[in-house]
2 protein chains.
Amino acid sequence: MQRSADPELACPVAPVVDIVFSRWTTPILWALHEHGRQRFVELERRLTSITPKVLTQRLRQLERDGLVARTYYAEVPPRVEYEITELGASLGPLFAHLATWADAHLPAVEQARSAYDTR
Amino acid sequence: MQRSADPELACPVAPVVDIVFSRWTTPILWALHEHGRQRFVELERRLTSITPKVLTQRLRQLERDGLVARTYYAEVPPRVEYEITELGASLGPLFAHLATWADAHLPAVEQARSAYDTR
DNA sequence: CCGTATCCGAGGAGATACTG
DNA sequence: CAGTATCTCCTCGGATACGG
């Protein structure tokens, strides 16, 4: 975090990158978007290699930025559910665009890497 | 880097994120896209707070991924020029989309943060 | 000019243990 | 269940200094 010192002020996409593309945020948003409202453990199981500590950190950040909503139910045992907000859902077309680019150009990147490495 | 362990295999945008949105890559690509072909020092001056080491690292990564092209001129003093490739330029619409989202929704994020913090 | 070599500190990640 | 609390390990970014 704290990437936006001053160089990126000239780069209009920099602020978004900090919010949307920090570590683990896209998989979390994707899981929430694809499978809807779900509990902490469900997310934890879906993101197979994340630890509860980090998952909590990222969820808090996303909640603070208004992309994810957290609902606490005072039951026994306690239940907490997370869901994507309207603001978070507004990223949908952007992610779709990203996926489209990936389909079209990822092979070229792979090819460039091979060419670069075998040299 | 090395973000794509396994959890993100389920997230189709994850691979792109590693390539395009690692630290400093968007400002570099933006500078190259806006001001065209330029030398190492020009980039260094434009990205005011980057160090030569990191700039070199990122440029190498971008070159390896085929997003940036490096041209070396064996002169005295030496001259090296960087420019965005066709593949790199194909990210243009995506960045535009990002900038659009920023214009539309960044205020909402700021507002969410304020609301979250004053609580 | 265009980098590389070194050292350092911050932050992410893993493991483990413990509450309400 | 849904976290928080430590502690350690380790990678990466930043700063500084030097070399072809």
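Proteins get letters first, then strands, A, B, ... in listed order; numbering begins at 1 in each.
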**Message:** Checking contacts here: which listed nucleotide (dA2(D), dG13(D), dC2(C)) is nearest the side-chain heavy atoms of Val54(B)?
**Reply:** dG13(D)

**Request:** Mark yes or no: Arg70(B) above the aromatic ring of Tyr72(B), with NZ or CZ under 6.0 Å from the six-membered ring centre and no more than 45 degrees from the axis.
**Result:** no

**Length of the CD-P vector between Glu42(A) and dA2(D), whole Å** = 8 Å

**Message:** Filter on side chain to side chain donor-acceptor pair (under 3.5 Å), then keep only pairs touching residues 98-108 of chain A, sequence neighbours left out; what's left?
**Reply:** Trp101(A)-Ser90(B)

**Item:** Candidates dA2(D), dC2(C), dG14(D) - which lies nearest the side chain of Arg23(B)
**Value:** dG14(D)

**Message:** Among residues at least two apart in sequence or on other chains, which ones pass side chain to side chain contact (heavy atoms under 4.5 Å, CB included) with Val54(B)?
**Reply:** Trp24(B), Ile50(B), Thr51(B), Gln57(B), Arg58(B)

**Asked** Quick one: does Thr25(B)'s side chain have a donor or acceptor within less than 3.5 Å of a partner on Val20(B)'s backbone?
**Response** yes

What pairs of nitrogen or oxygen atoms, one from the protein and one from nucleotides 3-7 of chain C, lie under 3.5 Å apart?
from   : atom 1 : to       : atom 2 : distance (Å)
dG3(C) : OP1    : Arg60(B) : NH2    : 3.4
dG3(C) : OP1    : Arg70(B) : NH2    : 2.6
dG3(C) : OP2    : Tyr82(B) : OH     : 2.9

**Asked** Rounded to the Å, how far apart are Glu75(A) CD and dG3(D) P?
**Response** 13 Å

**Whole-Å gap separating P (dC12(D)) and CG (Leu55(B))** = 18 Å

**Request:** Would you tell me if any nitrogen or oxygen in the side chain of Arg39(A) comes within less than 4.0 Å of OP1 or OP2 on dA2(D)?
**Result:** yes

**Message:** Rounded to whole Å, how long is the line connecting atom CD of Gln38(A) with atom P of dA2(D)?
**Reply:** 11 Å

**Message:** Is there a side chain to side chain contact (heavy atoms under 4.5 Å, CB included) between Arg60(B) and Tyr116(A)? Walk through the geometry before answering.
**Reply:** CA-CA 10 Å; Arg60(B) 290 286 184 280; Tyr116(A) 185 95; 3.7 Å; yes

**Prompt:** Under 6.0 Å from the CD atom of Glu86(B), do we count more than 12 heavy atoms belonging to anything else shown?
**Reply:** no

**Pairs touching residues 25-38 of chain A that satisfy salt bridge (charged side-chain N to carboxylate O under 4.0 Å, His left out), sequence neighbours left out** = Arg37(A)-Glu81(A), Arg37(A)-Glu83(A)

**Request:** Please work out which of the three classes, parallel, tilted or perpendicular, describes the rings of Phe21(B) and Phe21(A), given edges at 30° and 60°.
**Result:** parallel

**Prompt:** What is the distance, rounded to the nearest whole Å, between atom CD of Glu81(A) and atom P of dC1(D)?
**Reply:** 14 Å

**Prompt:** Could you state the CD-C1' distance from Glu44(A) to dA13(C), rounded to the nearest angstrom?
**Reply:** 14 Å

**Prompt:** Between dG14(D) and Trp24(B), is there an OP1 or OP2 to side-chain N/O distance shorter than 4.0 Å?
**Reply:** yes

**Request:** Report the distance from atom CZ of Arg58(A) to atom C1' of dT4(D), rounded to the nearest whole Å.
**Result:** 16 Å

**Prompt:** Of all residues at least two apart in sequence or in a different chain, which pass the ring pair (Phe, Tyr, Trp, His ring centres under 6.0 Å) check with Trp30(B)?
**Reply:** none

**Request:** Measure from the side-chain heavy atoms of Val41(B) and tell me the nearest of dC1(C), dG20(C), dG14(D).
**Result:** dC1(C)

**Fill in**
With five pairs defining each end axis, the helix from dC1(C)-dG20(D) to dG20(C)-dC1(D) comes out bent, to 10°, by 50°

**Separation of dG12(C) C1' from Gln61(A) CD (nearest whole Å)** = 13 Å

